[in-house]
Asks: 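Sharing a structure below in structure tokens format, with a few things to ask.
Note that the numbering runs from 1 along the sequence shown for the chain.
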Amino acid sequence: PSPNLTKFTLEEALQLLPIHSSQQAAVCGFTGTVVYYHYGCDGLNDAGWGCGYRACQTQLHWLLSNSKLQHPDPEVPAIPAMQSALVAMGDKPPSFTGSREWIGCLEAAYLADKFANRRCRILHQNSQSSEVNVDVKSLKKHFEDVGCPVMMGGHTDASAKTVLAVSGSDTDLLLLDPHYGRVVNSPPLSLSGLVHEGWLSWRSVDSLTETAFYNMCLPLTD
């Protein structure tokens, strides 16, 4: 069974995290409901290495629960199943199964194809160039055309996260951070708790320029 996780819509998030009033109506982000996967949410202790899997699970849940998309299996895979799938397709060696090896956006794209029958585009953002505005515009087009949350991972900033929306001014991203860990069988953190503790927050695009590059995994439509 699926773990008891926090679920919310973009509208609910914006009620607790309003952007400047002049931009509120112009926020472009995910559609439907997002489910927050995080460290230890299913009883597996993945603190320190599982953030990429959790961000990928958040993305997979959206793909598998979106009624507009056809999928072979509605069950969101657990981390061991994700590792086994990457080994079976030849992307990883057998020793990868049961390991604490990280995954990034490229592996997330393979897993979206495997479990949700969705091909993905990898958006590469070189933060040392002037391409950041182009990338933000590509994100907005993705949200308008597809509506799926976007997994993001960096080079220096190796902590995976999920992009949920872009502000109307194109200067801020709404990010969901999977690094929260709670005691197993305790109630899920409320949406207000996610905001209060900083796991869901607006972050300026400029703050992402401290690293060499970021990759983003954008599932495609038919």
Asks: Please report the closest heavy-atom contact between L10 and F30, naming both atoms and the distance.
Replies: N-CZ, 3.2 Å

Asks: If hydrophobic clusters are built from ILVMFWY residues whose side chains come within less than 4.5 Å, do Y39 and W199 share one?
Replies: no

Asks: Any side-chain donor-acceptor pair under 3.5 Å between E107 and Y53?
Replies: no

Asks: Strictly below 4.0 Å, N to O, side chains only: are R118 and D113 in salt-bridge contact?
Replies: no

Asks: How long is the straight-line distance from CG of L63 back to SG of C120, given to the nearest 0.5 Å?
Replies: 7.0 Å

Asks: Give the minimum heavy-atom separation between W202 and V27, together with the two atoms involved.
Replies: CH2-CG1, 4.1 Å

Asks: Nearest 0.5 angstrom please: T33 OG1 to N66 CG, how far?
Replies: 10.0 Å

Asks: Does the side chain of H38 come within less than 4.5 Å of H179's, by heavy atoms?
Replies: no

Asks: Is the shortest heavy-atom distance from the side chain of L218 to the side chain of F143 under 4.5 Å?
Replies: no

Asks: Look at D177 together with K161 and state whether they make a salt bridge at an N to O cut-off of under 4.0 Å.
Replies: no

Asks: Quick one: are L200 and L17 in side-chain contact, heavy atoms under 4.5 Å?
Replies: yes

Asks: Measuring from atom CZ of F115 to atom CE of M82, what distance do you get when rounded to the nearest 0.5 angstrom?
Replies: 7.5 Å

Asks: Among V163, L123, I122, T162, find the residue that satisfies the side-chain contact (heavy atoms from CB on, under 4.5 Å) test when tested with C217.
Replies: I122

Asks: Counting N and O atoms only, with roles assigned by atom type, does the side chain of Q59 sit under 3.5 Å from a partner on the main chain of A112, one being a donor and the other an acceptor?
Replies: no

Asks: Test of understanding: clusters of I, L, V, M, F, W, Y form through side-chain heavy atoms closer than 4.5 Å, transitively. Do L86 and L60 belong to the same one?
Replies: yes

Asks: Quick one, R54 and D46 - any side-chain contact, counting heavy atoms below 4.5 Å?
Replies: yes

Asks: Rounded at 0.5 Å granularity, tell me how far CG in L176 sits from CG in L194.
Replies: 7.0 Å

Asks: Counting distance only, does the side-chain N/O of Q83 pair as donor-acceptor with the main-chain N or O of G98 below 3.5 Å?
Replies: yes

Asks: Roughly how far, to the nearest 0.5 Å, is CG of L164 from CG of L173?
Replies: 10.0 Å

Asks: Evaluate side-chain contact (heavy atoms from CB on, under 4.5 Å) for S204 paired with T171, printing each intermediate quantity in order.
Replies: CA-CA 6 Å; S204 69; T171 58; 5.9 Å; no

Asks: Is any side-chain heavy atom of W49 less than 4.5 Å from a side-chain heavy atom of E101?
Replies: no

Asks: Heavy atoms, side chains only, cut-off 4.5 Å: are L189 and E197 in contact?
Replies: yes

Asks: Search all heavy atoms of C105 against all heavy atoms of M151 and return the closest pair with its distance.
Replies: SG-O, 3.5 Å

Asks: Please name the pair of heavy atoms, one in P219 and one in H142, separated by the smallest distance, quoted to 0.1 Å.
Replies: O-CE1, 3.3 Å

Asks: I'd like to know if the side chain of T6 and the backbone of S190 have a donor-acceptor N/O pair within less than 3.5 Å.
Replies: no

Asks: Taking the side chain as everything from C-beta on, heavy atoms only, tell me whether P149 gets closer than 4.5 Å to V34.
Replies: yes

Asks: Is there a path from L139 to L175 through hydrophobic residues (I, L, V, M, F, W, Y) whose side chains come within less than 4.5 Å of each other?
Replies: yes

Asks: Which value, rounded to the nearest 0.5 Å, describes the distance between E11 atom CD and T31 atom OG1?
Replies: 9.5 Å

Asks: Side chain of T58, backbone of V35: donor and acceptor closer than 3.5 Å?
Replies: yes

Asks: Please lay out, stage by stage, how S138 and R121 fare under the test side-chain contact (heavy atoms from CB on, under 4.5 Å).
Replies: CA-CA 11 Å; S138 295; R121 171 191 176 194; 4.0 Å; yes

Asks: With a 4.5 Å cut-off on side-chain heavy atoms, are L64 and V76 touching?
Replies: yes

Asks: Please report the shortest heavy-atom distance between T97 and V87, naming the atom on each side.
Replies: OG1-CG2, 3.4 Å

Asks: For the residue pair A13 and L191, what are the closest heavy atoms and their distance?
Replies: N-CD2, 4.1 Å

Asks: May I ask you to decide whether K137 forms a salt bridge with D170, counting only side-chain N to carboxylate O separations under 4.0 Å?
Replies: no

Asks: Run the numbers on V136 and V205 for side-chain contact (heavy atoms from CB on, under 4.5 Å), then give the verdict.
Replies: CA-CA 9 Å; V136 170; V205 172; 4.0 Å; yes

Asks: Any sub-3.5 Å donor-acceptor pair from S84's side-chain atoms to A81's backbone N or O?
Replies: no

Asks: Take the angle between the ring planes of Y36 and Y180 and call it parallel below 30°, perpendicular above 60°, tilted in between.
Replies: parallel

